[in-house]
Structures are given as structure tokens and as C-alpha cells.
S.K.: 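One structure follows; several queries about it will come next.
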Amino acid sequence: MLDRATTTRHPRAVQDLDAPDLSNGDLARIFHEIGDMLEVKGELVFKTVAYHRAADAIAHSPVEVARAYREGHPPRIPGVGAAISKKLEELASTGRLAFHERLRAEVPPSLVELLAIPGVGPRTVKLLYEQRGIESLDDLRRAAEAGHLRDLRGLTEHTEAAILDGIAQLQRRQARLHLGEAERIADGLMAELLDAPGVASIVSAGSLRRRRETIGDLDLLVSTSDPQAVVRRFVGLASVDGVIGSGPHKAAVRLVDGAQVDLMVMPPGEEGAYLVHFTGSKEHNVRLRSRARDRGWSLSEKGFVRLGADGEPLAGADADLRTFATEQAVYGFLDLAWIPPELREDRGEIEAAATGTLPRLVDLADVRGDCHTHSDWSDGVHAIEQMADAARARGYGYQVLTDHSVSLGIAHGLDADRVALQRSVVAALNDRFAREEDAGRAPGATPPEGFRLLHGCELEIRADGRLDFPDELLAGFDVVVASLHVSRRQPREQLMARVTAALRSPHVDILAHPSGRVIGGRDDLDLDWDAVYAEAARTGTLLEVNGSDHRLDLSDERARRAVEHGCLLAIDSDAHRVEELDAMRWGVDAARRGWVEVRSVANAWSRARLLDWVARKGDRLG
DNA sequence: GCCGTTTTCGGCCCGACTGTTTTCAGTCG
């Protein structure tokens, strides 16, 4: 899906050949902007789509595209043909693109911002620019307020009001929702709709069902025999701020807190194609419909309609509509295995479903322990015992207590004395667990191997590359999680030296939140990712998929690439309070989106196997 | 602009809703 918010930011300027390579994100922004500007110019729609498609493919490419071009081995990227490849070459070697600059001279880049106004598309922008010289949001607001738009063809007083409302919306529109927040809102709405007359079931679809790391709009699908009733209930909910649109089978609203929610009605017994249609990404759906067309069928949310010899759907007496109750049947009709929602992004899942090679994704139930948790000894909220009891109640076989190390003063990092003291607390707790298990008083979900709290730490990788604890102290921990919180803006070489030092330490078992990003907050560390994966794989250091829904780090795509390099992963909650232990699920979601199978997840192992693996790191290093 | 175990040219996914259109274009997902 085209993300307007990212298309209007300008790529960072590159002045000389020694400047760093443009990132995939920079390249994607350039090609999205080209696509947008061509749209405004009124260029052939397929051409503009081609630029957007290529931009998305570049953004999702596992290799650093600009660097690969510069090194003379351009990768094959779907949607990038001769013309765009040539442009990539120019960007990689000079950091600029003459075509892009000509376009920016011809079409004011600020016009692209107008496309973000709800209800304003390329045709309207073109009209506004050509007929009224409107180039920016400010121009447009002034013109609408002054009533200077209503005499344009197709525009009225009503349109002016709609545009002003749209601009206001744009300016108070919240950033995309984090997963946890999106799910909480969706669950609340579904609870309010479930008892509307005729409602059989409700599911949330769209990017929330695919478990994308951030959610733009929420999509609710309602199976009901009384569409009118549920639509009425929906648009009248107390949390609704305004109704964007409403028809007999669908409605869209904006909530008081800014989120947009679409509701679609499904006829009972025909939910299959609806679920497929409203869950898959745009790209996934286009591929499915194209595959249907190849087989002589048109696919929409309603189901399949047979095509005639002219390529048009058969109508009248010849009409042939096939509907299905389940997604399995819809995919099956296309000779595809059912595809887990997390994979429906057109990143190879359709080919895999056709050849029976879909991955067997890791599941929350596979997780047997949590390797990254905090207590109130450093910057956590709850006591060690509360955290451990909560983990044990979740059916885990182990939890690693990883309070911060000494130099992270802001988080009350532990010094050697407190480490020793903490170790005695952990030992006492484990005595209690052992006694309770012997007496058969352990919680019912406790696995056969019992539950043990393991003693670890979150070891700071200092700005100068040294680790925060000496080797003798590190050797005493069961599991060591290393991470980098300070001096994040160092040049790549320096950051790589720090990360590499941690990966090569015989005592560091897990590299936590490797990119250091905070979604919507802090950017990634500037690392040579393929080199990080290679070193992690070589040393057998686990890479973390941090489950906090503000981190999700490694990201889905990085997790996938890491596994391709032979890395093992640890999916952790990084909980600082009891409730945050449930963040494990977001981490599992991210891993699933990254095609991660259970065999690549070390905390799906038993406690004994995990401890054996980390104990032998010194041997592996040779 | 991309792409091809039918095609190197001629296609390129589909439908609902909105507003002002006297029959449909624009926008959106």
C-alpha cells in the first residue's frame, strides 16, 4: 500500500561521491515521489503505478540496493525493469537523478502533499494547480476559505467545505497506531457491535490481521443477516467522531481519537472471499486476481465470476458465481494452499503456496521461555518474584532476569555487588519453585522440566566498544543479553566495531533489539546488516526479535534475512512489568511475518538445550 | 513502466460510494 506520509519527505541530500549510499528507504521515497508527480501531471496511470510498485519493492529488498549497484552487481528486483534500473544506476553512482530533478522543476513537489488530503486525488490536484495556481496546503486553504474554488468545473461550495475539513483532519491526524493500541481499539468496537441484531461473527481484517508493525486504518468484517442494523449501530457508536461514508453494505468512520475504521458486511456462508479480500495487502490481492483471471475467473470480495470469451464476466443467464464460506476454499480454487495472514504481502507467499513450500511458522504456543525481562532492581516496575511468578503462570519453563548493567545509570544499572546480591535472591526463588514442584503445588501449566528463573543481565555495549562487565563477572551469568543504548549516532564503522565486539565475546549470548529503533520515534542504528547476520551466524549468537510493540526489533524483514544467513533468533518480551510479558505475542507476530519457523527460535527449545547452547559458545569460537 | 511455459506488443485487478454527471468520473481501499 502506498504510504503517503513517507512520500513527501525529501531524500537526504547527497553532495559528493564520498557521501554514504542512499538507503533503500531514500530510493523508495524518490520513486514514490516520481510516481506521485507523474500522477499529478496526468501521466498514464499504469506508468505511475509502475513507479510506486518499484519503490515498494526497493523498500522491501533485503539487499542494500544502491551499494549493490555501485559494486557492480545490481540485484534482480521484481517491478524494476530497464528504465528504472538505469535510474537506480544513476542514483547509486551520483546520488542524484536528473529525471527526478527535471520533474521537481516542472511539478512543484509541494503538490504531492495535497494528495494526502482525504477525497483529493491527482485529477483534482491537477485542476487546482492549472486553473488556480494552487501549489501548497496553505494556498488551498486560503482559496477554499475565500470561496475561490466553487466555480471550477465539478467543484461546489460543498467541495470547499470538504477540502477544509480534510486539511484540518490531516493536521490533527495521529501517526499510525502501534499493534497493541490497534488491537485494543478493534476489540472494543467488536464488543459493541457483536450484539447488534443478526450478527453472527465479527473479525478484524486488514493490516491488523496481517500483524503489520503499525496500523493505519482498522477493518472490521461482520457476518450478519441484517446489514442495515449493524451499519446503523456502527455509525452511531459513542466513540465515532464523524462518518466518512455509509452505504447498505459498508461504512467508514473516524473515531474521536483519530483512527479511521471501515466496516464491511459479509453474507453468512459466503465469508471466504471477503476475508481474503480485506486481509491481503493490495499487492497480494492483485496477484490473486491476476491468477484467477489466468484461470478464466474474475475474483472480487464476493467470490469468483466466470469470464466469457471476451474477457468480461458472464452476465444474465450465463452468469456463474462461485462463493465460498472459508478462506481455504478460496485459495484452493486457485490451486493454492491456505496462506497465513501474516504472509499476505506478495513477498513470495503465492509461489510458495502454489508449490507446497510455505513455511511452518513459529507459534506463540511454541515459546518455552522469555530471555529478556527486567525487575525493579533496575528500571522495571515489579519485583523479581512477581515477574517470575507471572512467567511461570504463563506456562514457561524459564525466564531470564536481565536487569541493566552498571553504566546505564539512568536505568539504575547493577554493579558487581548488587549482581551478587541479586543472584542470591534468584537462588532462593528457585528453591521455592523446586519445593513447590516436588510437592505438586506448581501451576497446572508448568512443563515437565519445571520452571526456573535464570540469572542474566542486559549488558551495555559502551561507546568505546568495551563491554560493561569484566569477563569474570560475565562468566557467572546463565544468559547474557547485550545491547547498545548510548552514542547511537556514531559512524557505521564505529557502531559495527561495537556490535562485532559483543558478538565475538564468549559470554554474550543474545544481541538485544539490534537496530535500536523505536517505531515512530528513533531511527535504526547505521549498521552493515549482512555483516551483522554473518557474524551472529558464525558465532552462534542469538539475534533478538524484541516483542515490545514500539520496537519489534529485529523487524519482520530483518528477521527473515537473518534466518537466511543461518542465524538463530530469540523472541523476547523485554517486559519491565508483569503485563508486558504478553508482548511476547507481538514478537512472535513479527517473526511470523518474517517467515520464521520454529526451528530457528532458540527460546522454543527446552531450558536444558538453551543453557547447553549458550554454555558452548566459547567452544564454537574456537 | 513492466512483463511474457500462449504474448517482445498489448495488455495491466475489482467494486462501493460520492457528488453533481443528465450517464459517470473521481477517489478509495
Side-chain angles (χ1 to χ4, degrees), chain A residues 1-4 31 34-35 38-40 42-57 76-88 99 114-128 150 152-163 166 205-207 215-221 227 231 235 243-253 260-265 273-274 276-305 307 310-313 321 334 346 354:
Chain A
M1 191 169 67
L2 177 61
D3 186 355
R4 299 287 190 197
F31 287 109
I34 291 174
L38 290 177
E39 268 182 56
V40 173
E43 185 57 87
L44 207 63
V45 65
F46 290 117
K47 199 175 192 173
T48 69
V49 167
Y51 276 102
H52 288 304
R53 270 185 61 92
D56 282 333
R76 171 88 195 91
I77 302 171
V80 174
I84 292 180
S85 186
K86 202 151 175 290
K87 292 181 172 67
L88 279 170
F99 174 70
L114 302 183
L115 290 172
I117 303 169
V120 173
R123 308 306 294 260
T124 308
V125 171
K126 187 170 155 69
L127 183 74
L128 292 169
R150 61 190 62 169
L152 285 172
R153 195 168 57 79
L155 272 58
T156 63
E157 201 174 330
H158 179 271
T159 326
E160 288 172 346
I163 285 176
S207 50
I215 311 297
D217 303 336
L218 297 174
D219 300 284
L220 301 180
L221 296 181
V231 168
V235 299
V243 178
I244 298 165
S246 174
H249 300 289
K250 63 198 295 186
V253 303
Q260 183 180 325
V261 187
D262 296 345
L263 176 134
M264 273 75 57
V265 170
Y274 284 87
V276 169
H277 179 88
F278 288 107
T279 298
S281 72
K282 183 178 165 188
E283 294 76 16
H284 177 89
N285 289 346
V286 167
R287 290 289 309 277
L288 290 184
R289 289 194 283 260
S290 168
R291 189 175 172 94
R293 190 157 266 280
D294 288 346
R295 285 167 160 67
W297 297 85
S298 167
L299 171 61
S300 77
E301 65 266 39
K302 294 184 174 59
F304 295 94
V305 178
L307 298 171
D310 57 354
E312 292 297 314
L321 170 71
L334 292 171
D346 189 25

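Only a predicted model underlies this, so the values are computations on that prediction, with no experimental measurement involved. Proteins come first, then strands; the chains are lettered A, B, ... in the order of their sequence lines, and each starts at number 1. Atoms considered below: every heavy atom in the structure, side chains included; atoms not considered: hydrogens, waters and symmetry mates.
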S.K.: Using atom types as modelled, flag every donor-acceptor pair under 3.5 Å from a side chain in residues 289-297 of chain A to any protein atom, sequence neighbours excluded.
M.R.:
from: Arg289(A); atom 1: NH1; to: His277(A); atom 2: ND1; distance (Å): 3.4
from: Arg291(A); atom 1: NE; to: Leu334(A); atom 2: O; distance (Å): 2.9
from: Arg291(A); atom 1: NH2; to: Leu334(A); atom 2: O; distance (Å): 3.2
from: Arg293(A); atom 1: NH1; to: Gly311(A); atom 2: O; distance (Å): 3.4
from: Arg295(A); atom 1: NE; to: Asp335(A); atom 2: OD2; distance (Å): 3.3
from: Arg295(A); atom 1: NH2; to: Asp335(A); atom 2: OD2; distance (Å): 3.3

S.K.: How would you list, by chain and number, every residue that makes a side-chain hydrogen bond (donor to acceptor under 3.5 Å, both in side chains) with Ser207(A), sequence neighbours excluded?
M.R.: none
S.K.: Check every strand shown and say whether Phe278(A) touches a base, only sugar-phosphate, or nothing at a heavy-atom separation below 4.0 Å.
M.R.: nothing
S.K.: Distance check, P atoms only: dT27(B) and dT21(B), in whole angstrom units.
M.R.: 16 Å
S.K.: Taking only residues two or more places apart in sequence or in another chain, which ones pass salt bridge (Lys or Arg N to Asp or Glu O under 4.0 Å) with Glu160(A)?
M.R.: Arg150(A)
S.K.: Please determine if Lys87(A) forms a cation-pi arrangement with Phe31(A), meaning its NZ or CZ atom is less than 6.0 Å from the six-membered ring centre and no more than 45° off the ring axis.
M.R.: no
S.K.: Could you give the CD1-to-P distance, from Ile244(A) to dT27(B), as a whole number of Å?
M.R.: 17 Å
S.K.: Which value, in whole Å, describes the distance between the P atoms of nucleotides dC13(B) and dC3(B)?
M.R.: 13 Å
S.K.: Quick one: which protein N/O atoms are closer than 3.5 Å to N/O atoms of nucleotides 3-6 of chain B? Pair and distance per line, please.
M.R.:
from: dC3(B); atom 1: OP1; to: Arg76(A); atom 2: NH2; distance (Å): 3.4
from: dC3(B); atom 1: OP1; to: Gly79(A); atom 2: N; distance (Å): 2.8

S.K.: Quick one: which protein N/O atoms are closer than 3.5 Å to N/O atoms of nucleotides 11-13 of chain B? Pair and distance per line, please.
M.R.:
from: dC13(B); atom 1: O2; to: Arg289(A); atom 2: NE; distance (Å): 2.2
from: dC13(B); atom 1: O2; to: Arg289(A); atom 2: NH2; distance (Å): 2.1
from: dC13(B); atom 1: N3; to: Arg289(A); atom 2: NH2; distance (Å): 3.2

S.K.: Can you tell me the base-pairing partner of dT8(B)? Count Watson-Crick or G-U wobble geometry only, both distances below 3.5 Å, and say none if there is no partner.
M.R.: none
S.K.: With rounding to the closest Å, how many angstrom separate the C1' atoms on dG1(B) and dT8(B)?
M.R.: 14 Å
S.K.: Between N or O atoms, less than 3.5 Å apart, protein on one side and nucleotides 19-24 of chain B on the other: list the pairs.
M.R.:
from: dT20(B); atom 1: OP1; to: Thr156(A); atom 2: OG1; distance (Å): 2.5

S.K.: Using a cut-off of 4.0 Å on non-hydrogen atoms, how would the nucleic acid contact of Ile117(A) be classed: base, sugar-phosphate, or nothing?
M.R.: sugar-phosphate
